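Positions are given from 1 along the sequence. All values derive from a computational prediction rather than experimental measurement.
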Amino acid sequence: MIQSLHIENVAVIKSLDIEFTDGFIVLTGETGAGKSIMIDSLGLLYGQRADRDLIRTGETAAEVSAVFTDIGQQACAWLEEAGFSFEDGTVMISRTIKCDAASTARLNGRSITLSMLREISAMLFHIHGQNDNQLLLDKARHGQYLDSYARHEETLSVYEKQYREVMRLRREMADVRREGMENVRLAEMLKFQIADIDAAKLKVGEEEELLALSRRLQGYERIHKGTSLVSKALEGGEKGLGAMYLCERAASALSGISDAVPSAAALSDRLCSVRYELEDIASAVADIAKEQGTEDPTALIDKTEARLNTITKLKRKYGATVEEIVSYRAEAARRLDGMEHADERLEDLANELADAEKKARASAEALHAGRLAAAHTLTSRVTQTLSFLDMPKVRFSVGMETTQDLTPSGTDDVEFLISTNPGEPLMPMIKIASGGELSRIMLSLKSVLNAADGMNTVIFDEVDTGISGKTSRKVGMKLRQIAENAQVLCVTHSAQIASLAKTHWYIAKTETDGRMQTTIRPLDEAERVEEIARILGGIEVTEAQRRAAVEMIEEGRVL
């Protein structure tokens, strides 16, 4: 059950802390006091959409948290499997909405996803809101209600997995057949594409290596040209008329006239030194040229650019990278192989599909048997409850037709049928039921389903919609009966229902520091009489209304 609830900065609620008891609890108050905000806050813990408009004006975040005690075995098993620690069957869940960020959820202080919040909250409490009555008119929901009562979750889970496999195989067979119609043209295209890619003999990482080599070769070309020019200038090439040769000739000429011109000898020696220096430079330049290799860098550049151009052309056709081209080739080969063996693949798929459908139909039959048994008892129990709720002439039935093909939920087409007048045939609920009847039918279903699934906390939001008087009283009695085995919270405008509660909370809107905010407090006996008298009607509460309120409370204690 919900032991405590904290709401902060949600709409007109500044801060509320509520300690709940067990049993039947009602919440009443003037229209607009904030009762719907209480339900919206609990809805946030239930995983409903977090609307930022719920954040109190002027605040940056809103938070709702609740402590649950005496949680059921299903919730305990879920928590243990998910790795959460908890003591004495107690857990706390919270939800925070921020103006500038996504909402966050926590379980016992640990962050959880929104889907996890929905899973655990569905095991802790259930909200029956005003919209739920309209859900009864949605035929698709009827099968879900019946399955919930039948409690064959494991069989349903097995079937759903089998159904997904059947659908997968059917889609694959359809794809193979569709491709078969285009096989001839497509096969030729795939063969050409595979040959086109294979001719290039691509290697993963090759393009990056070629680009790096191209950048290096651009430098090599300049080095090659420079060293060749220096070599020719110094050594003279084939004609031998380089600087080294000329220096040697000049030095020899000066040496020949040194006997006549003594200073010529020194000049000759200097030229010889220059000759040796030029020789060293030529040797060093030759070493630089050797480091670059013997192949002409221009030719290497042409070869590299040609290879890069080949890759670029393939990229334009098959993918943005070499890896994508190789992947495209592999996929093309797979498709070509599949086309060449389409008949064999279709036969294999047909066998797999037949086996999958056989298993799915076996599970569907098990579901059908469980639904038939559940439909019989559900019809009986709902009918009994409706009779108690002043609908004794109403006939309720769970209609079920078997479909030929498999559906996501089996082979059963489930629909709730109703007849509100004696002698009238059973008809789909959408064509017959009024608003007040829908409220009572939904309450009947909820009471039966809650007894079946053992939900510890059930919240009803204005379950009295469309009913009044004696019927409201009986609705209250049914709620109190549910509360014998579960905590029941009910937002109501009905004095007949409120007077039956074990605990009565009053919700009001007050002005504080120039702003409106919602408050909530438990009522003592005298305050409770006054509130029920107010609900009974009239501009001013009269003594007659107070006496009627006292009588309703006293009567409720002995019912």
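Atom OG1 of Thr457 and atom CE of Met1 lie 7.5 Å apart (nearest 0.5 Å). Interatomic distance, CG of Leu117 versus CD1 of Ile112, reported as 4.5 Å (0.5 Å rounding). Rounding to the nearest 0.5 Å places CD1 of Ile13 at 10.5 Å from NE2 of His6. Annotation: the span from Ser36 atom OG to Asp461 atom CG amounts to 7.5 Å, rounded to 0.5 Å. Here Phe192 contributes atom CZ and Ile197 contributes atom CD1; the two are 10.0 Å apart, rounded to the nearest 0.5 Å. Rounding to the nearest 0.5 Å gives a distance of 4.5 Å between CD1 of Ile507 and CD1 of Ile520.
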Can you list, pair by pair, the side-chain donor-acceptor contacts under 3.5 Å of residues 253-266, counting residues two or more places apart and other chains?
{"residue": "Ser258", "atom": "OG", "partner": "Ser255", "partner atom": "O", "Å": "2.8"}

Report all side-chain donor-acceptor pairs from residues 37-51 shorter than 3.5 Å, counting only partners two or more places apart or in another chain.
{"residue": "Ser41", "atom": "OG", "partner": "Ile37", "partner atom": "O", "Å": "2.8"}
{"residue": "Tyr46", "atom": "OH", "partner": "His126", "partner atom": "ND1", "Å": "3.1"}
{"residue": "Asp51", "atom": "OD1", "partner": "Asp53", "partner atom": "N", "Å": "2.9"}

Please output the side-chain donor-acceptor pairs of residues 509-517 that fall under 3.5 Å, not counting sequence neighbours, one pair per line with the distance.
{"residue": "Lys509", "atom": "NZ", "partner": "Gly32", "partner atom": "O", "Å": "2.8"}
{"residue": "Arg515", "atom": "NH1", "partner": "Thr57", "partner atom": "O", "Å": "3.1"}
{"residue": "Arg515", "atom": "NH2", "partner": "Thr57", "partner atom": "O", "Å": "3.1"}

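Annotation: side-chain hydrogen bond (donor to acceptor under 3.5 Å, both in side chains) contacts involving residues 196-207, sequence neighbours excluded, comprise Asp196-Lys317, Asp196-Tyr318, Asp198-Arg329, Glu206-Arg307, Glu207-Lys315.
Between Leu190 and Gln193 there is a side-chain heavy-atom pair separated by less than 4.5 Å. Between Leu367 and Leu156, some side-chain heavy-atom pair lies under the 4.5 Å cut-off. No side-chain heavy atom of Tyr163 sits under 4.5 Å from any side-chain heavy atom of Ser409. At a threshold of 4.5 Å between non-hydrogen side-chain atoms, the residues Leu406 and Thr411 count as touching. A 4.5 Å side-chain heavy-atom check between Met173 and Arg170 finds every atom pair outside the cut-off. You'll find the side chain of Ile2 reaches within 4.5 Å of the side chain of Ile459, heavy atoms only. Between Met116 and Phe84 the shortest side-chain heavy-atom distance falls below 4.5 Å. Considering only heavy atoms from C-beta on, Glu208 stays 4.5 Å or farther from Leu211 through its side chain.
Considering every non-hydrogen atom in both Gly143 and Val414, the closest pair reads CA-CB, 3.9 Å. Here the closest heavy-atom approach between residue Arg371 and residue Gly410 is recorded as NH1-CA, 4.4 Å. Between Asn9 and Ala62, the closest heavy-atom pair is O-CB, 3.1 Å. The shortest heavy-atom contact between Arg56 and Lys14 is NE-CD, 3.9 Å. Here the shortest heavy-atom pairing between Thr403 and Asp412 reads OG1-N, 4.4 Å. Between Ala251 and Ser268 the shortest heavy-atom distance is O-OG, 2.7 Å.
When atom types are taken as modelled, the side chain of Ser4 and the backbone of Glu19 share no donor-acceptor pair closer than 3.5 angstrom. In this structure, Arg52 contributes its side chain and Lys98 its backbone to a donor-acceptor pair below 3.5 Å. Asp138 places a side-chain N or O within 3.5 Å of a backbone atom of Ala140 that can act as its donor or acceptor partner. Checking side-chain atoms of Thr90 against main-chain N and O of Phe86 turns up no donor-acceptor pair under 3.5 Å.
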Evaluate the side-chain contact (heavy atoms from CB on, under 4.5 Å) criterion for residues Leu124 and Ile71: first the C-alpha distance (whole Å), next the side-chain angles of each, then the deciding distance (0.1 Å), finally the verdict.
CA-CA 7 Å; Leu124 299 174; Ile71 62 175; 3.4 Å; yes

Val274 vs Arg270, side-chain contact (heavy atoms from CB on, under 4.5 Å): CA-CA, chis, key distance, verdict
CA-CA 6 Å; Val274 171; Arg270 289 172 64 187; 5.7 Å; no

side-chain contact (heavy atoms from CB on, under 4.5 Å) for Leu79 and Ile120? Distances and angles first, verdict last.
CA-CA 8 Å; Leu79 290 165; Ile120 186 61; 4.2 Å; yes

With side-chain contact (heavy atoms from CB on, under 4.5 Å) as the criterion, how do Leu5 and Leu16 come out once you've worked through the C-alpha distance, each side chain's angles and the decisive distance to 0.1 Å?
CA-CA 8 Å; Leu5 175 67; Leu16 289 182; over 6 Å; no

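The side-chain contact (heavy atoms from CB on, under 4.5 Å) test applied to Glu324 returns Ala320, Thr321, not counting sequence neighbours. Applying the salt bridge (Lys or Arg N to Asp or Glu O under 4.0 Å) criterion to Glu331, with sequence neighbours excluded, gives Arg334. Every residue two or more places apart in sequence or in another chain that forms a side-chain contact (heavy atoms from CB on, under 4.5 Å) with Arg249 is listed here: Tyr245. Residues that satisfy the side-chain hydrogen bond (donor to acceptor under 3.5 Å, both in side chains) test with Gln162, not counting sequence neighbours, are Ser363. Arg275 pairs by the salt bridge (Lys or Arg N to Asp or Glu O under 4.0 Å) definition with Glu248, Glu279, not counting sequence neighbours. Partners of Phe20 according to the ring-ring contact (aromatic ring centres under 6.0 Å, His included) rule, which considers only residues two or more places apart in sequence or in another chain, are Trp505. Residues meeting the salt bridge (Lys or Arg N to Asp or Glu O under 4.0 Å) test with Arg345, sequence neighbours left out: Glu172, Glu352. In terms of the side-chain contact (heavy atoms from CB on, under 4.5 Å) criterion, residue partners of Ala243 (sequence neighbours excluded) are, by chain and number, Leu234, Leu278.
Counting heavy atoms of neighbouring residues, nucleotides and ligands inside a 6.0 Å radius, atom CD of Glu344 exceeds 12 of them.
Comment: Lys139 engages Asp413 in a salt bridge, judged by a side-chain N to carboxylate O separation of less than 4.0 angstrom. For the pair Asp355 and Lys359, the salt-bridge criterion is met [side-chain N within less than 4.0 Å of a carboxylate O].
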